[in-house]
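Predicted model, so just to flag it, every value in this text is computed and none were measured. So that the names make sense, note that chain A is the first sequence line, chain B the second, and so on, each numbered from 1.
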Amino acid sequence: MPRIPAPPLPKVLQPRPKRPGENDNGATHPLPIDAGITAVDWVDERMQLSSGLRWLLWRKVPRGVNWPYTLGSATLFAFLNQAVTGVFLAMYYRPDAASGAYESIRNINDNVFLGQFVHGMHKWGASVMIILIFLHMGRVFFYGAYKYPREITWVIGVVLLILTLAMGFSGYLLPFDQRSYWATVVGVNINAGGPFIGPFLSNFLLGGADFGATTLSRFYAIHMLLIPGLMAALIGAHLYLITKLGIAAPPWIKPHVAEDGDHAVVEAEV
Amino acid sequence: MPDRHRETKSKYTLDRGIPGAFEGETITRRRLINLWANGAGAVATAAFTLPALGFAIAPIFKRQEWTWQAIGTPADFTETTYATKVITITPGIGEAGNSITYVRKRNPAIDTEPEDQYNHWVALSSRCMHLGCPVRYVSAAERFICPCHGGVYDFRGMVAGGPPVRPLDRFYTRLNDGLVEIGPRYSVNSELQRFSPRFPGEPIDGIGQFLYPAQFDTAKKP
């Protein structure tokens with residue numbers, strides 16, 4: 001049975017090697033840390049997760065990677081921040097257009113413990129995520145990382161960008177103050193300017209010809225269920241492709257010819 | 001028993017020595033079961049997807065009611081200035097469902113569009129025809145001005161400047177039991193011909209009326 005490797009403990013914590021002639025009784029008493037390893041082994045033998053985790057995390061990256069390479073992870077953490085704060089905001093928010101929505105946001109901001117903070121994390125985190133996603137896109141573009149064989153990763157990323165903007169649009173209505181209301185009216189009418197399909201799409205978004213009783217709950221469902229589910233699935237596909245295809249080297253790193261001259265090795269372990 | 005690995009010309013499973021769905025059938029059992037399993041999965045998926053989709057897009061096809069609401073007596077409205085009236089566009093959602101309309105008596109000297117039973121009073125929607133912000137009537141200038149992007153309309157609601165693509169929308173009006181009543185909204189082109197209500201930002205002169213077709217949920221004229 002394959003065991004997961006023991007954690008890299010510093011020397012002082014590692015069990016002392018036995019001296020010659022020392023009593024072997026100690027070996028029959030496993031160290032407390034072995035209990036954890038045994039439990040993890042028991043699960044891993046049945047789920048076989050450690051190989052996948054190794055595949056995902058302990059992979060080779062090219063020489064010359066730098067800080068801009070962390071922008072994708074930063075965007076991912078911004079998304080996770082939005083997901084976590086959003087779920088907890090949903091515990092207090094009421095998507096009721098007849099004054100309940102605005103009152104519930106006021107309650108979150110004024111009364112709930114840390115309410116203004118969590119609301120602020122969600123509100124400002126949205127802007128941070130938009131900024132980070134554009135910076136990430138710029139990094140990928142200017143480094144040429146979208147080229148073969150990573151075209152599909154790029155396309156999925158563009159879809160994620162569009163979905164993120166749709167999240168920003170649908171979330172803007174939810175506080176239901178004057179700014180939200182009129183921004184949504186204007187946004188839906190911009191959308192209606194698309195020929196043929198535009199008016200029908202706006203009609204679908206509003207749930208009728210005018211801003212109506214179900215418009216707010218419609219936007220709320222789109223904002224917290226429909227688009228986040230799609231985004232989570234696409235982020236999974238994005239990460240799978242990144243792991244599968246590897247990270248692109250920076251454009252200024254020249255392919256390194258191996259000692260045996262057999263083939264060019266672009267990637268080197270860092 | 002023929003050799004299974006050799007390509008056989010016959011399409012009958014019996015000739016090819018493999019189990020058929022039925023005796024002498026052309027379709028193999030494996031293929032039949034595959035079709036059944038995939039078909040059952042497709043039916044089960046469609047059984048919850050299609051009703052849910054229909055549920056979500058139903059409002060597009062639901063025809064609205066033609067309703068009238070009273071806004072005052074004929075004495076409330078003059079030919080020379082607009083009265084501001086609050087009407088309910090969507091009932092049941094409080095202030096968010098209200099809208100402002102500007103109403104005056106029809107003045108044959110300036111209102112050149114043909115008179116009929118529905119326009120003895122001119123009721124203009126406050127919704128700007130650029131992107132839907134609320135316009136306000138400035139009586140000193142006899143203009144409607146939009147705060148968002150600088151749209152300007154003249155006394156009759158025709159575009160006088162800025163980005164709006166068509167004159168202000170109007171409402172049907174009528175006299176009933178001595179009260180002025182207001183009906184559904186309709187859109188007008190630059191000759192003030194009536195069209196079913198469109199979203200702001202959609203021109204309906206020329207090709208625009210075809211690019212932005214009438215919606216299925218438009219209330220039917222009684």
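- With a threshold of 4.5 angstrom between heavy atoms, A/Leu216 does not approach chain B through any atom at all.
- With respect to chain A, the highest number of heavy-atom pairs below 4.5 Å among B/Pro91, B/Ala56, B/Ala58, B/Ala96 belongs to B/Ala56.
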Report task. Could you please spell out the steps behind the side-chain contact (heavy atoms from CB on, under 4.5 Å) verdict for B/Cys133 and A/Val186? Result -> CA-CA 7 Å; B/Cys133 291; A/Val186 167; 3.7 Å; yes
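- Only the side chain of B/Ile89 comes within less than 4.5 Å of a heavy atom in chain A; its backbone stays farther off.
- Residue B/Ile110 qualifies as enclosed at atom CD1: its count of foreign heavy atoms under 6.0 Å is above 12.
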Taking only distance into account, so ignoring hydrogens and angles, what donor-acceptor contacts under 3.5 Å exist between chain B and chain A?
{"residue": "B/Ala56", "atom": "O", "partner": "A/Arg218", "partner atom": "NH1", "Å": "3.0"}
{"residue": "B/Ala56", "atom": "O", "partner": "A/Arg218", "partner atom": "NH2", "Å": "2.9"}
{"residue": "B/Thr90", "atom": "OG1", "partner": "A/Phe211", "partner atom": "O", "Å": "3.0"}
{"residue": "B/Arg127", "atom": "NH2", "partner": "A/Asp210", "partner atom": "OD1", "Å": "2.9"}
{"residue": "B/Leu131", "atom": "O", "partner": "A/Asn189", "partner atom": "ND2", "Å": "2.8"}
{"residue": "B/Leu211", "atom": "O", "partner": "A/Phe196", "partner atom": "N", "Å": "2.7"}
{"residue": "B/Tyr212", "atom": "OH", "partner": "A/Gly193", "partner atom": "O", "Å": "2.7"}
{"residue": "B/Gln215", "atom": "OE1", "partner": "A/Asn203", "partner atom": "ND2", "Å": "2.9"}
{"residue": "B/Asp217", "atom": "OD2", "partner": "A/Asn203", "partner atom": "ND2", "Å": "3.3"}
{"residue": "B/Asp217", "atom": "OD2", "partner": "A/Ala209", "partner atom": "N", "Å": "3.3"}

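- Ranking B/Pro200, B/Gly201, B/Gly94 against chain A, the residue ahead of the rest is B/Pro200, based on heavy-atom pairs under 4.5 Å.
- Contact between A/Ala98 and B/Gly92 at its shortest, heavy atoms only, is CB-O, 3.8 Å.
- Put simply, of B/Pro203, B/Pro134, B/Gly208, B/Cys128, the one with the most heavy-atom pairs under 4.5 Å next to chain A is B/Pro134.
- Taking B/Gly132, B/Pro197, B/Gly97 one by one and counting their heavy-atom pairs under 4.5 Å with chain A, the maximum is reached by B/Gly132.
- By the side chain to side chain donor-acceptor pair (under 3.5 Å) test, B/Asp116 pairs with B/Arg194, sequence neighbours left out.
- Contact of B/Phe210 with chain A is made through the backbone alone, with heavy-atom distances under 4.5 Å.
- Closest of all the heavy-atom pairs between A/Phe200 and B/Ala214 is CZ-O, 4.3 Å.
- The number of heavy-atom neighbours closer than 6.0 Å to CD1 of B/Ile207, taken from other residues, nucleotides and ligands shown, is 12 or below.
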